[in-house]
Amino acid sequence: MSKKSEENRQKQRQDTRLVHPPYDPMSLHGFVNPPVVHGSTVLFESTAAMSGRQSLAYSYGLRGTPTTTALEDQLSELEGAFGTVLVPSGLAAVTLPLLAFVSAGDHVLIVDSVYTPTRVFCDKMLARLGASVEYFDPHIGAGIADLMRPETSVVFLESPGSNTFEIMDVKAVAAIAREHGAVTMLDNTWATPLLFRPLEHGVDLSIHALTKYPGGHSDLLMGSVSANEATYKRLRDAQMQLGVNAAPDDTFLVIRGLKTMGVRLRHHERSALALATWLEARSEVSAVLHPALPSFPDHAAFKNQFSGASGLFAVSLDCDVAAAKRFLDALDIFGLGYSWGGHESLAVLVDLSDRTVATSRRDRPLIRLQIGLEDPEDLKADLERGFAAI
Ligand SMILES: *Cc1c(COP(=O)(O)O)cnc(C)c1O
């Protein structure tokens, strides 16, 4: 990239950066998008080049290709990170940094509103490897200081919390963790780097399920971890020790997905907020958990930290579980299925039985809604079908 365009880039906003990634088309005869490189073996000019391979950009397919580099560089720029690694799923983007920074005998602090498979990994695998795992209240803020021990190596955050959407005071928690020498990591999947950038709040590593909004079409699984300079090398070493990276065709789909993520997110945001507001006025609804609603208990904390909302929220229904299941079974446009961030709307009955600290919202059935790119009026009509079945 020329020096001039490098200087112009510094001033560009996120939407422009999504459409014009740091990849330089002139590095491949002017083709707008990076090549999709399938490859394991990389050939060397000579034995001397082979011995000095650590200084080469590419030496083996597992270590990366021009395709994976293009996506890593774009995600690093969007997150304000020193470097990014890719892994085959969002869950692998959670487990890789935990394996990189947790050792036997360590104490690990995990937010209680965490994505359930993250909790399962900590309770099963980290515990078996000899770490002690403790869960804390998402609203703990500076109170995290009372839980820090000399052997606390990692504080794991997710904000908003999975399914219940609690907003954490990220800056306060990250600052105290750093004071005590612990590494912080935050699952930033809900917000994408467009709406929240954890590293700007003092977090060391930002985790994404690229499966969700970056992919955007329910057709791939991938994850990323973007790290600051202090944590990057250990993260990259762990990736290579475990032998994981992302597949070329899926990487290409995420590179493609990012181009439209800005416009898609704004549609998701607008439709979800309109439906959340509409749902709030329904007599069948006891609460709508959407951080951008003024009625949401953490709304002020949300406005302080996020530049907008995505399209995932939850509704607490004023009925029993059997009626909530009738509601779901009556839906026609909303699919019943896991994951989210794709083009299509989804609904799922949430299970909060694994929570040990953040145990509110368990008195009534909670339904999580992913609002897709359909016309919101049709979605409204679909939800009416559900209400009629209660
Ligand atoms: C979906 C999700 C993941 C895992 O992503 P997969 O690609 O499905 O493994 C991780 N964290 C959060 C918050 C998620 O919603």
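Counting starts at 1 for both ligands and their atoms, in listed order. Note that these values count all heavy atoms, side chains included, but never hydrogens, waters or copies made by symmetry.
In this structure, Trp340 is part of the shell of residues with a heavy atom less than 4.0 angstrom from ligand 1.
Ranking protein heavy atoms by distance to atom 9 (O) of ligand 1, first place goes to Leu91 N, 2.9 Å. Remark: minimum distance from atom 15 (O) of ligand 1 to any protein heavy atom is reached at Lys212 NZ, 2.7 Å.
Considering only non-hydrogen atoms, atom 8 (O) of ligand 1 lies nearest to Leu221 out of Asn163, Leu221, Val87, Leu220.
Between Met222 and ligand 1, no pair of N/O atoms sits closer than 3.5 Å. Below 3.5 Å of separation, one finds no N or O of Ala209 facing any N or O of ligand 1. The shortest N or O to N or O distance between Thr211 and ligand 1 is under 3.5 Å. Taking any N or O of Glu158, backbone or side chain, none lies under 3.5 Å from an N or O belonging to ligand 1.
Taking every non-hydrogen atom of Gly90 and a distance limit under 4.0 Å, the qualifying atoms of ligand 1 come out as 4 (C), 5 (O), 6 (P), 7 (O), 9 (O).
No donor-acceptor pair closer than 3.5 Å links the side chain of Glu166 to the backbone N or O of His139. The backbone N or O of Ile167 lies less than 3.5 Å from a partner atom in the side chain of Asp298, making a donor-acceptor pair.
Proximity of Asp187 to ligand 1, defined as any heavy-atom pair under 4.0 Å, is confined to the side chain (atoms from C-beta onward).
Residue-environment remark: CZ (Arg256) stays at or below the threshold of 12 foreign heavy atoms within 6.0 Å. Crowding of Met125 atom CE: a count of heavy atoms from other residues, nucleotides or ligands under 6.0 Å not exceeding 12.
Ser283 has its side chain out of reach of Asp318: every pair of non-hydrogen atoms, C-beta onward, lies at least 4.5 Å apart.
Applying the ring-ring contact (aromatic ring centres under 6.0 Å, His included) definition to pairs two or more places apart or across chains, those involving residues 232-291 are Phe82-Tyr232, Tyr213-His268, His290-Phe313. Applying the ring-ring contact (aromatic ring centres under 6.0 Å, His included) rule to pairs touching residues 314-338 yields Phe327-Phe387, sequence neighbours excluded.
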